[in-house]
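Let me give you the structure first, and then I'll get to my questions.
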Amino acid sequence: MALWAGAELSALNPLPTLWLVLAAAFLLTLLLQLLPSGLLPSCALFQDLIRYGKTKSSGPPRPAACRAFDVPKRYFSHFYITSVLWNGFLLWCLTQSLFLGVPFPYWLHSLLRILGAAQFQGGEPVLSAFLVLVFLWLHSFRRLLECLYISVFSNAMIHVVQYCFGMVYYILVGLTVLSQVPMDDRNGVVIHCDHRIPFGDWFEYVSSPNYLAELMIYISMAATFGFHNLTWWLVVTYVFFNQALSAFLSHKFYKGKFVSYPRHRKAFLPFLF
């Protein structure tokens, strides 16, 4: 009973509420995309904000007003630079506090309090948060290396709102991890821009295994925190609907582009969706 009451109180805090709202917004957007094409919202800005990269080219015509706010998709690397620096700083602060007893900077402590950081004593959540921050930093560092040395970006674009959202996301997700701590008082040359149907491994089951892997990474972080941690499961819920939407739009793009696209292949979840 006490644990349930604590979960209810936690749900009223700013961070859980924010992640819940984001998850609900992406769920609603996904449901709208599942409607027949004649019933989809005709607002060009709405469609422009939910599509990026290749899925923009398969969407409705984009007015000049929308194209004026385009930034190159290769700017994705900025997200991971931000995450490596910011979440590396948070990890350094937590390491200092955990092993040397150095308190968080006053501004960070105050910010975490405003965001509804945990207000109880205990060592286990601190170690869990430390592990999750390590995983998050390693994940961001790996994605940065992929952007810098592996990914070959075309001239695809993203909206500046999507760019800003991505920057804020990696700042917010690190703060969400740290809020669980109990507190006391790539560039390259484009070889070609054609798309091919990939086969093998996870591609036999879903069109976008990278989105599925992203979800699994966040679920593994949730398992580290423990299945009772409502706030992080709200983060997972948001990531689920966010990645499901991107996977669905990519799946729709591939099916429209390739007549021979495998019919058994799902968008996001093997055998289900």
Side-chain angles (χ1 to χ4, degrees), residues 1-34 49-50 79 82-83 86-87 90-91 94 108 111-120 122 124-140 143 161-162 164-183 208 210-248 268-269 272-273:
M1 184 67 178
L3 288 176
W4 178 251
E8 287 182 326
L9 289 174
S10 176
L12 297 176
N13 287 334
L15 277 176
T17 302
L18 176 58
W19 288 114
L20 180 60
V21 169
L22 288 173
F26 276 87
L27 171 60
L28 177 60
T29 303
L30 176 60
L31 293 176
L32 289 174
Q33 296 306 301
L34 295 174
L49 288 177
I50 67 172
F79 302 159
T82 299
S83 182
W86 171 251
N87 292 311
L90 296 184
L91 180 60
L94 183 57
L108 180 58
L111 179 59
L112 291 171
R113 292 291 296 269
I114 293 172
L115 294 176
Q119 300 295 318
F120 49 84
E124 183 178 349
V126 181
L127 294 175
S128 297
F130 175 77
L131 288 174
V132 171
L133 264 181
V134 170
F135 297 155
L136 179 61
W137 189 87
L138 289 174
H139 170 58
S140 300
R143 290 292 288 120
V161 172
Q162 295 169 319
C164 293
F165 182 84
M167 298 290 280
V168 173
Y169 169 77
Y170 281 101
I171 294 175
L172 188 61
V173 75
L175 288 172
T176 303
V177 175
L178 207 58
S179 72
Q180 304 307 297
V181 175
M183 294 175 60
S208 302
N210 53 315
Y211 296 134
L212 176 59
E214 187 85 2
L215 173 64
M216 294 175 67
I217 288 171
Y218 280 84
I219 291 177
S220 68
M221 294 178 184
T224 303
F225 268 132
F227 293 100
H228 62 278
N229 193 303
L230 176 62
T231 300
W232 193 256
W233 278 108
L234 289 174
V235 176
V236 173
T237 303
Y238 157 75
V239 170
F240 177 87
F241 292 127
N242 176 284
Q243 299 298 285
L245 174 62
S246 296
F248 174 77
F268 185 48
L269 301 176
L272 297 176
F273 173 74

What distance do S246 atom OG and L30 atom CG have between them, rounded to the nearest 0.5 Å?
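Answer for the OG-CG pair, S246 versus L30, is 10.0 Å.
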
Residues that S83 engages under side-chain hydrogen bond (donor to acceptor under 3.5 Å, both in side chains), provided they are two or more places apart
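side-chain hydrogen bond (donor to acceptor under 3.5 Å, both in side chains) check on S83 returns N87, S140.
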
Pairwise distance CD1(I114) to CG(L15) - rounded to 0.5 angstrom:
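So the gap between those two atoms works out to 11.0 Å.
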
Not counting sequence neighbours, which residues clear side chain to side chain contact (heavy atoms under 4.5 Å, CB included) with L22? List them please.
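L22 satisfies side chain to side chain contact (heavy atoms under 4.5 Å, CB included) with L18, W19, F165, Y238 once adjacent residues are dropped.
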
Among L108, L115, L91, V173, find the residue that satisfies the side-chain contact (heavy atoms from CB on, under 4.5 Å) test when tested with L178.
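Answer after filtering L108, L115, L91, V173: L108.
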
Residues forming a side chain to side chain contact (heavy atoms under 4.5 Å, CB included) with L138, sequence neighbours excluded:
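For L138 the side chain to side chain contact (heavy atoms under 4.5 Å, CB included) partners, ignoring immediate neighbours, are V134.
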
Please enumerate all residues that pass side-chain hydrogen bond (donor to acceptor under 3.5 Å, both in side chains) together with Y169, with sequence neighbours excluded.
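Y169 satisfies side-chain hydrogen bond (donor to acceptor under 3.5 Å, both in side chains) with Y218 only.
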
To the nearest 0.5 Å, tell me how far I219 CD1 sits from T224 OG1.
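Rounded to the nearest 0.5 Å, the CD1-OG1 separation comes out at 12.0 Å.
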
Member of W233, W232, F135 meeting the ring-ring contact (aromatic ring centres under 6.0 Å, His included) criterion with F225
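Checked W233, W232, F135 against F225; only one passes ring-ring contact (aromatic ring centres under 6.0 Å, His included): W232.
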
If the condition is ring pair (Phe, Tyr, Trp, His ring centres under 6.0 Å), which residues does F130 pass it with, not counting sequence neighbours?
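Applying ring pair (Phe, Tyr, Trp, His ring centres under 6.0 Å) to F130 gives F99.
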
side-chain hydrogen bond (donor to acceptor under 3.5 Å, both in side chains) with Q243: which residues, sequence neighbours excluded?
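With neighbours one apart ignored, the set is empty.
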
Quick one: list whatever passes side chain to side chain contact (heavy atoms under 4.5 Å, CB included) with L20, sequence neighbours left out.
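In terms of side chain to side chain contact (heavy atoms under 4.5 Å, CB included), with neighbours along the sequence ignored, L20 is linked to L234.
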
Can you measure from CZ (F26) to CD1 (I50) and round to the nearest 0.5 angstrom?
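The CZ atom of F26 sits 9.5 Å away from the CD1 atom of I50.
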
With T237, which residues qualify under side-chain hydrogen bond (donor to acceptor under 3.5 Å, both in side chains), at least two apart?
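Here no residue qualifies.
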
Partners meeting side chain to side chain contact (heavy atoms under 4.5 Å, CB included) with F240 (sequence neighbours left out)
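By the side chain to side chain contact (heavy atoms under 4.5 Å, CB included) rule, F240 matches L215, F268, L269.
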
Measure the spacing between CG of L32 and CG of L27 and express it to the nearest 0.5 Å.
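Answer for the CG-CG pair, L32 versus L27, is 9.5 Å.
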
